[in-house]
Amino acid sequence: MAGETATAAGRDFIRDIIDADLASGRTRQVVTRFPPEPNGYLHIGHAKAIALNFGIAQEYGGRCHLRFDDTNPAKEEQEYIDAIKRDVRWLGYDWGPHLYHASDYFEQLYEWAEHLIRAGKAYVDDLSPAEMRAMRGTLTEPGRNSPYRERSVEENLDLFRRMRAGEFPNGARVLRAKIDIASGNLNLRDPVLYRILHTAHPRTGDKWCIYPSYDFAHGQSDAIEGVTHSLCTLEFEDHRPLYDWLIDNLPVPSRPRQYEFARLNINYTVLSKRFLTELVRGNHVSGWDDPRMPTLAGLRRRGVPPAAIRDFARRVGAARANSLVDVAMFEHAVREHLNKSAMRRMAVLRPLKLTITNYPSGQIEELDAVNNPEDPAAGARRIKFGSELYIEQEDFSEDPPPKFFRLAPGREVRLRFAYLVTCRDVVKNGAGEVSELICTYDPASRGGNAPDGRKVRATLHWVAAADSLPAEIRLYNPLFTRPDPGAGGDFFADLNPHSLETLTGRVEPALAMAAIGDAVQFERQGYFCLDPDSRPDRLVFNRTVGLRVSWAKARGAG
RNA sequence: UGGGGCGUAGCCAAGUGGUAAGGCAGCGGAUUUUGAUUCCGCCAUACGGAGGUUCGAAUCCUCCCGCCCCAGCCA
């Protein structure tokens with residue numbers, strides 16, 4: 001992507017392999033593919049794989065295909081196909097005309113299955129799933145050959161064709177590769193190539209009632225498409241011998257190679273489709289796009305820029321060691337991108353009234369406020385100031401602890417872009433809580449500086465009572481309370497009950513013009529974006545990520 | 001106990017026989033009308049451990065330890 005960090009593209013063992021393949025002439029043009037199964041939404045772990053595959057294709061002037069691995073109609077849905085395409089595009093990648101489905105190749109795969117049968121390298125097995133499991137052996141004991149293993153080519157062909165014709169019920173028979181039932185690699189113990197599944201397929205409808213297994217579909221699809229480097233995660237490592245066996249024994253048009261890298265893990269969240277699906281189905285979150293979810297849909301709604309995700313993927317790199325990345329690294333990438341682009345606005349999350357007694361009651365004046373100190377081109381805006389304002393509750397302390405620089409009785413601070421004010425009195429409600437601050441201001445400090453040059457330790461954000469809008473503010477915290485959710489045995493017990501905090505704050509009027517998804521920085525608070533739940537009379541903002549708070553640690557708070 | 005992998009700082013991660021990149025986090029300091037940003041500095045005599053080869057080893061050899069994956073007609 002243009003504009004990506006100037007740092008050199010990450011080096012990794014995959015790029016080293018490609019360099020060598022290019023140098024030796026084994027590869028002319030690099031072709032990769034991202035092969036999701038449409039049985040759930042994409043998450044940031046997939047983003048790593050997407051960035052790797054599409055990124056490599058871009059760097060080497062090759063191409064990357066989007067291919068749906070739709071070989072199991074029992075689990076796959078059109079909704080997921082649509083969502084995946086939307087998310088990959090949003091991430092910033094384009095597969096051009098190269099949109100494929102494993103189901104596009106069903107006829108060819110079927111023919112190759114017969115080819116294997118004719119070559120005496122595949123057979124129809126009548127064993128039940130339970131029998132097959134019992135005869136497969138264990139991790140330490142070899143399996144035993146199926147009694148159907150030596151059927152004739154003619155009988156296998158006949159049976160396989162009748163499987164296709166729908167003559168048998170689900171589970172009655174399968175087609176198996178004849179490899180080595182005693183192999184130490186369980187994937188080579190006569191793996192299933194085809195199973196009977198009387199289920200309609202999202203794309204092929206009722207045309208098929210037998211479907212190829214992942215192993216039989218994946219490598220052959222790669223070969224059909226001319227994929228040169230088939231990148232997948234570590235758990236498929238044991239499948240590589242099978243991948244190669246099939247390629248070696250079939251008249252495929254090209255010779256793809258599989259390489260495995262470690263999947264992404266991030267602490268305080270979960271990156272497994274199964275668990276994410278459970279969170280959605282169990283209503284632990286509002287949906288796949290709940291901003292607390294690590295899904296691309298959730299991150300988008302939360303306000304994370306796609307470029308930040310790409311950058312994060314690049315920083316994390318691709319290697320073969322299992323790892324658990326600190327979510328702080330992700331947040332850093334998000335802040336880095338938003339800092340440069342987000343307009344600054346003032347918003348008070350937990351309002352505390354502040355009245356300036358020596359400011360002419362009813363008077364309103366306009367002050368200049370820069371939109372983004374990081375980007376002069378972003379210009380400035382006018383904000384209204386009056387005698388009645390709101391500041392942040394946490395910006396006042398009646399009995400300030402050491403190192404607390406903000407407002408306190410008798411203390412003077414600056415109101416950003418406005419004036420220096422001094423707290424003269426504190427008003428409390430019946431419960432003894434501070435409900436209002438009585439202050440005076442220095443008329444000579446307009447803009448925020450006193451003519452005599454005196455300094456203040458703090459600058460507070462604020463909003464004018466009469467010129468601000470109420471808004472719902474949603475603060476998101478980690479979805480889980482422990483860095484490794486589920487490691488204690490119960491994944492749901494680790495859910496963070498405070499992962500969502502909803503507040504009603506007040507924001508400056510300029511925010512009414514925001515569009516859904518627009519990123520803004522609420523000064524001194526963090527980056528926020530307008531949520532789709534917003535209505536003209538009820539703005540709703542999501543906190544994408546907070547600003548760094550170095551002083552919070554000093555006082556032992558979070 | 002079978003097969004396949006992986007161990008470099010708190011977290012990622014380069015390194016491929018010549019004397020440990022970079023990022024995140026952290027810690028100092030400068031600047032600052034966001035306790036933000038930015039900037040400067042610090043942060044592995046050490047590469048899971050023990051032997052060995054070599055003038056020289058994170059890199060080669062041997063043994064040991066630890067962790068991950070595999071027994072779906074899921075992907």
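Every chain is numbered from 1 and lettered A, B, ... according to where its sequence line falls, protein lines coming before strand lines.
Between B/C65 and B/G48, the two C1' atoms lie 7 Å apart (nearest whole Å). A gap of 33 Å separates the P atoms of B/G29 and B/A13, to the nearest Å. Distance noted for atom C1' between B/A14 and B/A44: 14 Å (whole Å).
Nearest to the side-chain atoms of A/Glu37 among the listed nucleotides B/A36, B/C74, B/C24 stands B/C74. Between B/A75, B/C6, B/C11, one nucleotide has an atom nearer to the side chain of A/Asp326 than all others, and that is B/C11. Among B/G2, B/C24, B/U34, the nucleotide with an atom closest to any side-chain atom of A/Leu186 is B/G2. The A/Thr140 side chain lies nearest to B/U1 when the options are B/U34, B/A75, B/U1. In the set B/C69, B/C73, B/C68, the nucleotide with an atom closest to the side chain of A/Asn322 is B/C68.
With the nearest nucleotide of RNA chain B identified for both A/Asn185 and A/Gly448, A/Asn185 has the one nearer the 5' end. The residue among A/Ala262 and A/Asp215 whose nearest nucleotide of RNA chain B is located toward the 5' end is A/Ala262.
In this structure B/U16 sits in no base pair that meets the Watson-Crick or G-U test at under 3.5 Å. When both distances must be under 3.5 Å, the Watson-Crick or G-U wobble mate of B/U62 is B/A50. Checking B/G41 for Watson-Crick or G-U wobble geometry (two distances, each under 3.5 Å) identifies B/C27 as its partner. The partner of B/C74, taking Watson-Crick or G-U wobble pairs whose two distances both stay under 3.5 Å, does not exist in any strand shown. When both pairing distances are held under 3.5 Å, B/A36 makes no Watson-Crick or G-U pair with any nucleotide shown.
Across all strands, A/Leu127 comes closer than 4.0 Å to base atoms (heavy-atom distances). Looking at heavy-atom distances under 4.0 Å, A/Tyr211 makes no contact with the nucleic acid at all. Within 4.0 Å (heavy atoms only), A/Thr138 reaches at least one base atom of the nucleic acid. Residue contacts shown for A/Val174 include a base, since a base heavy atom lies under 4.0 Å away. As judged by a 4.0 angstrom heavy-atom cut-off over every strand, A/Asn449 is placed among the base-contacting residues.
Between A/Glu141 atom CD and B/G2 atom P there is a gap of 12 Å when expressed in whole angstrom units. Counting to the nearest Å, the P atom of B/A36 and the CE atom of A/Met346 are 19 Å from each other. As a whole-Å value, the separation of A/Arg457 CZ from B/U34 P is 13 Å. The nearest whole Å value for the distance from the OH atom in A/Tyr268 to the P atom in B/C11 is 13 Å. One atom, CG of A/Asn339, and another, P of B/U37, lie 8 Å apart when rounded to the nearest Å. Regarding A/His201, its NE2 atom lies at a distance of 14 Å from the P atom of B/C74, rounded to whole Å. Taking atom CD of A/Glu331 as the reference point, atom P of B/U37 lies 13 Å away to the nearest angstrom. If you measure from atom CG of A/Leu175 to atom C1' of B/G72, you get 17 Å, rounded to the nearest angstrom.
At a threshold of 4.0 Å, the pair A/Lys384-A/Glu508 does not count as salt-bridged, since none of the basic side-chain nitrogens sits closer than that to a carboxylate oxygen.
At B/A75, one or more side-chain N or O atoms of A/Arg195 fall inside 4.0 Å of OP1 or OP2 (strictly under the cut-off). Applying the 4.0 Å criterion to OP1 and OP2 of B/G35, one finds that A/Arg524 has a side-chain N or O inside that range. Contact annotation: A/Arg136 reaches the phosphate of B/G72 (side-chain N/O to OP1 or OP2, under 4.0 Å). Within the structure, a side-chain polar atom (N or O) of A/His332 is placed less than 4.0 Å from OP1 or OP2 of B/C24. Within the 4.0 Å cut-off from OP1 or OP2 of B/A75, at least one side-chain nitrogen or oxygen of A/Thr71 is found. The phosphate of B/G72 has OP1 or OP2 within less than 4.0 Å of a side-chain N or O from A/Arg133. Listed pair A/Ser183 / B/G2 fails the phosphate criterion, with no side-chain N or O lying under 4.0 Å from OP1 or OP2. Within the structure, every side-chain polar atom (N or O) of A/Arg11 is placed at least 4.0 Å from both OP1 and OP2 of B/A13.
Interface remark: the A/His239 side chain does form a donor-acceptor pair with the B/A75 base, using a distance-only criterion of under 3.5 Å. Scanning atom types as modelled, no donor and acceptor separated by under 3.5 angstrom connect the side chain of A/Glu374 and the base of B/U38. You'll find a donor-acceptor pair under 3.5 Å spanning the side chain of A/Asp238 and the base of B/G3, going by distance alone. Remark: the A/Arg344 side chain and the B/U34 base include a donor-acceptor N/O pair separated by less than 3.5 Å. Residue-to-nucleotide contacts include no donor-acceptor pair under 3.5 Å from the side chain of A/Arg548 to the base of B/G35.
For the salt bridge (charged side-chain N to carboxylate O under 4.0 Å, His left out) criterion with A/Asp190, the lone passing option out of A/Arg149, A/Arg136, A/Lys178 is A/Arg149.
Relative orientation of the A/Tyr441 and A/Phe385 rings is tilted, given thresholds of 30° and 60° on the angle between their planes. By the 30° and 60° cut-offs, the orientation of the rings of A/Phe522 relative to A/Phe528 is parallel.
B/G72 takes the syn form, because its glycosidic angle lies no more than 90° either side of 0.
Cation-pi geometry between A/Arg164 and A/Tyr110 is met: under 6.0 angstrom from the ring centre, within 45 degrees of the axis. A cation-pi arrangement is not found for A/Arg67 relative to A/Tyr100, the charged atom failing to lie both closer than 6.0 Å to the ring centre and inside a 45° cone about the ring normal.
Side-chain N/O atoms of A/Asp222 and A/Tyr243 include a donor and acceptor closer than 3.5 Å.
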